[in-house]
Amino acid sequence: MLKLTALATASLFVTGTTAADIVFTVTDIVPGGGPANANSMNFSPGDTGSGPANLSSTLGSVSAPAPVGLTTGLTYTVTGLDLTSVGGTASETIVFDLNFSQTGGVTGDGTTDIQVNGFGNIAVIGSGANDNWVDGDETLTSTVVLDAGSTTFGGTVEVGIIMLSAGNFGSSQPAERYDAIHDGGTELGVPVTNNPVSFDPSSFVTLDPTVGGMNLERIDFQITAVPEPGSLALLGLGGLLIARRRRE
């Protein structure tokens, strides 16, 4: 597993919400990929491939650049967030990074890497340069980290991966299955289908195929904006005033 670096102004784990919190999701379906059958070692700047960057958010607007290799991960920027109810402004920005690591997979020259294939799916380079899936001797780990330096909201922001979809290679392949390891534990024998799999919000998810091959083609993130300390104090004071009036 990746070792997470603690951030002074951010919590990486979604541990629960209160009535005052604002919770929203960001969805990334099939990130923009490289040229057909390309891997992250032979991308050229500007390659965007056939995979559309289909991004959406239940609040605000989200953007992310099409990846050219995954050595530095992907950065997602959500703008136009109205967080006035939790002590922010009517137009806040939240920025977070999605990083990847892998085990297994070796190319012809003995190196190993993560790739975005021509369809935009994320996978591990295996026995050849055109290997575009994660198979039984490989793992793929996704880690989500808040970029506190670029996030404008002064309160606490909690970011977690809550859902993913692993691409299905069709009837010509075995009935693919994988284990999903995350903060909440391990889910064994998850079937590889085009239907998203949900689990408790997590700062990381590791995909470990047990049968057949797979690739990653959808990720959903849950973001929770928690009131600033000053706002929490005001909320507490308001509650005391209400209680006092009731007693009077």
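Leu81 contributes atom CG, which lies 6.5 Å from atom OG of Ser57 (distance to the nearest 0.5 angstrom). Rounded to the nearest 0.5 Å, atoms CG (Asn215) and CD (Glu217) are 6.0 Å apart.
Grouped by direct or indirect side-chain proximity (heavy atoms under 4.5 Å, Ile/Leu/Val/Met/Phe/Trp/Tyr only), Met163 sits with Ile162.
For the salt bridge (charged side-chain N to carboxylate O under 4.0 Å, His left out) test, no residue two or more places apart in sequence or in another chain qualifies with Asp208. Applying the ring pair (Phe, Tyr, Trp, His ring centres under 6.0 Å) rule to Phe199 yields the partners His182; only residues at least two apart in sequence or on another chain are considered. The side-chain hydrogen bond (donor to acceptor under 3.5 Å, both in side chains) test applied to Thr151 returns no partner, not counting sequence neighbours. Partners of Phe96 according to the ring pair (Phe, Tyr, Trp, His ring centres under 6.0 Å) rule, which considers only residues two or more places apart in sequence or in another chain, are Tyr76, Phe221. Judged as a side-chain hydrogen bond (donor to acceptor under 3.5 Å, both in side chains), and not counting sequence neighbours, Asp179 has no contacts. With sequence neighbours excluded, no residue forms a side-chain hydrogen bond (donor to acceptor under 3.5 Å, both in side chains) with Thr58. The side chain to side chain contact (heavy atoms under 4.5 Å, CB included) search around Asp200 returns none, not counting sequence neighbours. Among residues two or more places apart in sequence or in another chain, the side-chain hydrogen bond (donor to acceptor under 3.5 Å, both in side chains) test is passed with Ser56 by none.
Side chain of Asp135 to main chain of Gly213: no donor-acceptor pair is present (N/O by atom type, distance under 3.5 Å, no hydrogens or angles). Remark: the backbone N or O of Gly149 is paired with a side-chain donor or acceptor of Asp147 at under 3.5 angstrom. Using modelled atom types, no side-chain atom of Arg177 and backbone atom of Val190 make a donor-acceptor pair closer than 3.5 Å.
Judged by distance alone, the side chains of Thr152 and Glu92 do bring a donor and an acceptor atom under 3.5 Å apart. Between Thr75 and Asp97, the side chains place a donor N or O and an acceptor N or O closer than 3.5 Å (distance only, hydrogens not considered).
The shortest side-chain heavy-atom distance between Leu140 and Thr206 does not fall under the 4.5 Å cut-off. Within the 4.5 Å cutoff, no side-chain heavy atoms of Asp82 are placed close to those of Leu59. Annotation: side chain of Leu98 is not in contact with side chain of Val145 (no heavy-atom distance under 4.5 Å). With contacts defined as side-chain heavy-atom distances shorter than 4.5 Å, the pair Glu176/Val211 does not qualify. Using a 4.5 Å heavy-atom threshold, the side chains of Val78 and Val26 count as touching. Residues Ile161 and Ser142 are in side-chain contact: their nearest non-hydrogen atoms beyond the backbone lie under 4.5 Å apart. You'll find the side chain of Thr224 stays beyond 4.5 Å of the side chain of Val157, heavy atoms only.
Residue Val159 is not grouped with residue Val95 when hydrophobic side chains (ILVMFWY) are merged at heavy-atom distances under 4.5 angstrom, including chains of intermediate members.
In plain terms, the two heavy atoms of Phe204 and Ile181 that are nearest each other are CE1-O, 3.7 Å. Here the closest heavy-atom approach between residue Ser198 and residue Glu187 is recorded as O-OE2, 4.3 Å. Scanning all heavy atoms of the two residues, the minimum distance from Pro201 to Gln222 falls at CG-NE2, 3.8 Å. Minimum interatomic distance between Val124 and Gln102 (heavy atoms only, all atoms of both residues): CG2-CB, 3.7 Å. Taking each heavy atom of Pro209 and Gly212 in turn, the nearest pair found is CB-O, 4.2 Å. When every heavy atom of Pro196 is checked against every heavy atom of Ser165, the shortest pair comes out as CA-CB, 4.1 Å.
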Requested in this report: For side chain to side chain contact (heavy atoms under 4.5 Å, CB included), just list the numbers for Thr27 and Arg218, CA-CA rounded to whole Å, side-chain angles, deciding distance to a tenth of an Å, and then say yes or no.
Outcome: CA-CA 7 Å; Thr27 299; Arg218 170 174 172 171; 4.0 Å; yes

Requested in this report: Evaluate the criterion side chain to side chain donor-acceptor pair (under 3.5 Å) for residue pair Thr139 and Thr103; output intermediate values, then yes/no.
Outcome: CA-CA 5 Å; Thr139 64; Thr103 63; 2.5 Å; yes

Query - Derivation of the side chain to side chain contact (heavy atoms under 4.5 Å, CB included) call for Leu83 and Thr89 - result: CA-CA 6 Å; Leu83 301 182; Thr89 70; over 6 Å; no

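The side chain to side chain contact (heavy atoms under 4.5 Å, CB included) with Val226 is formed by just one residue from the set Asp21, Val23, Ile22; it is Asp21. No option in Thr143, Leu216, Thr141 other than Leu216 meets the side chain to side chain contact (heavy atoms under 4.5 Å, CB included) test with Phe100.
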